[in-house]
Engineer: 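Sharing a structure, written as structure tokens. Questions coming.
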Amino acid sequence: NAGVTQTPKFRVLKTGQSMTLLCAQDMNHEYMYWYRQDPGMGLRLIHYSVGEGTTAKGEVPDGYNVSRLKKQNFLLGLESAAPSQTSVYFCASNRHTLAGAYEQFFGPGTRLTVL
Amino acid sequence: AQSVTQLGSHVSVSEGALVLLRCNYSSSVPPYLFWYVQYPNQGLQLLLKYTSAATLVKGINGFEAEFKKSETSFHLTKPSAHMSDAAEYFCAVSSLTGGGNKLTFGTGTQLKVEL
């Protein structure tokens with residue numbers, strides 16, 4: 001199993017450009033998440049999905065869009081990149097649960113710089 | 001709303017010394033609590049989790065944490081630090097309310113291990 005993979009690993013954008021980050025998981029997980037990590041701020045949830053075809057906003061959704069057309073993939077889009085979106089982006093996934101809490105599995109991250 | 005506070009953004013210990021990383025949480029419902037570790041330029045890896053089965057939780061690499069409801073704490077400890085423990089550590093709280101299994105992270109503690 002590859003677990004959670006993210007594409008690309010690094011990217012440099014100019015202000016106003018657009019891009020899509022791809023997250024893929026091969027664990028048949030129902031739930032998927034996108035976080036951003038900034039120094040001194042921990043990880044903050046951008047958007048998440050509880051199943052194929054569903055998405056929801058997290059703590060910091062402005063400037064981002066997401067899609068979950070296939071269960072194994074979760075895409076994060078930046079339509080018009082801004083320097084404030086310079087960050088490290090992590091994707092995570094976990095199993096659906098009615099009781100208890102399953103750990104989230106994280107990808108290796110995408111380091112994005114917006115000039 | 002739930003939140004996590006990690007006291008001390010940087011902790012330095014000598015090799016062989018006790019490691020103590022502090023985490024306090026706030027949650028309106030019984031919490032699920034996690035400690036994750038992040039090595040440089042990598043994603044997050046689960047160290048241990050509390051899901052109400054036992055208040056003393058043992059994790060990987062010799063780490064353990066004790067859930068204390070009266071103190072709303074979930075501090076991470078390791079009796080003897082090793083150079084390979086140098087990393088950033090994140091405490092997180094989870095709630096099953098509102099769909100998904102969303103995690104709220106603390107701001108992280110960078111652990112430095114010195115000879």
Side-chain angles (χ1 to χ4, degrees), chain A residues 2-7 9-10 21 23-25 29-51 54-61 66 68 74 88-111, chain B residues 1-10 21 23 25 27 29-54 57 59-60 65 67 74 87-110:
Chain A
V4 179
T5 58
Q6 294 182 231
T7 309
K9 289 184 169 52
F10 302 94
L21 282 65
C23 175
Q25 53 92 6
H29 286 167
E30 291 82 7
Y31 296 168
M32 297 187 74
Y33 313 81
W34 276 107
Y35 295 90
R36 60 178 288 171
Q37 182 180 26
D38 302 292
M41 302 189 75
L43 279 77
R44 293 179 292 169
L45 182 65
I46 304 172
H47 285 280
Y48 65 99
S49 168
V50 299
T54 73
T55 62
K57 294 180 179 180
E59 180 186 355
V60 289
V66 289
R68 183 110 181 259
F74 195 28
V88 181
Y89 292 87
F90 287 99
C91 177
S93 71
N94 69 313
R95 294 165 55 184
H96 168 69
T97 176
L98 292 176
Y102 288 112
E103 68 186 87
Q104 291 184 15
F105 291 83
F106 283 81
T110 294
R111 188 172 296 274
Chain B
Q2 52 194 23
S3 65
V4 171
T5 301
Q6 290 185 243
L7 291 176
S9 59
H10 292 81
L21 304 182
C23 172
Y25 70 91
S27 176
V29 298
Y32 300 106
L33 294 160
F34 304 79
W35 275 101
Y36 282 86
V37 60
Q38 184 181 32
Y39 298 103
N41 300 314
Q42 293 187 26
L44 276 70
Q45 178 184 356
L46 182 73
L47 270 179
L48 49 81
K49 63 181 179 182
Y50 167 76
T51 57
S52 76
V57 181
I60 62 171
F67 173 72
F74 190 56
E88 189 157 24
Y89 292 80
F90 293 94
C91 182
V93 61
S94 166
S95 170
L96 295 176
T97 59
N101 178 205
K102 297 187 290 293
L103 290 177
T104 300
F105 284 87
T107 52
T109 298
Q110 188 74 45

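Naming convention: chains lettered A, B, ... in sequence-line order (proteins, then strands); numbering from 1 in each chain. Predicted, not measured: the structure shown is a model, and the values here were computed from it. The analysis underlying the following values was restricted to heavy atoms, covering all of them including side chains, and did not include hydrogens, waters or symmetry mates.
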Engineer: Give the minimum heavy-atom separation between B:Gln38 and A:Phe90, together with the two atoms involved.
Structural biologist: NE2-CZ, 3.2 Å

Engineer: Output the distance between atom CG (B:Leu44) and atom CG (A:Leu43), rounded to the nearest 0.5 Å.
Structural biologist: 5.5 Å

Engineer: Set out, in order, the CA-CA distance, both residues' side-chain angles and the distance that settles side chain to side chain contact (heavy atoms under 4.5 Å, CB included) for B:Tyr36 and A:Glu103, then state yes or no.
Structural biologist: CA-CA 10 Å; B:Tyr36 282 86; A:Glu103 68 186 87; 4.0 Å; yes

Engineer: Can you name the salt bridge (Lys or Arg N to Asp or Glu O under 4.0 Å) partners of A:Arg44, sequence neighbours left out?
Structural biologist: A:Asp38

Engineer: So how far is it from B:Lys102 NZ to A:Tyr48 OH, rounded to the nearest 0.5 Å?
Structural biologist: 3.5 Å

Engineer: Under a 4.5 Å heavy-atom cutoff, which of A:Gln104, A:Met41, A:Gln37, A:Arg111 has the most pairs with chain B?
Structural biologist: A:Gln104

Engineer: Given that the side chain runs from C-beta out, which part of B:Gln110 has a heavy atom under 4.5 Å from chain A: side chain, backbone, both or neither?
Structural biologist: neither

Engineer: Can you tell me if A:Tyr33 uses its side chain to pair, donor with acceptor, with the backbone of B:Leu103 under 3.5 Å?
Structural biologist: no

Engineer: So, using side chain to side chain contact (heavy atoms under 4.5 Å, CB included) as the criterion, who are the partners of A:Pro61 when residues are at least two apart?
Structural biologist: A:His47, A:Lys57

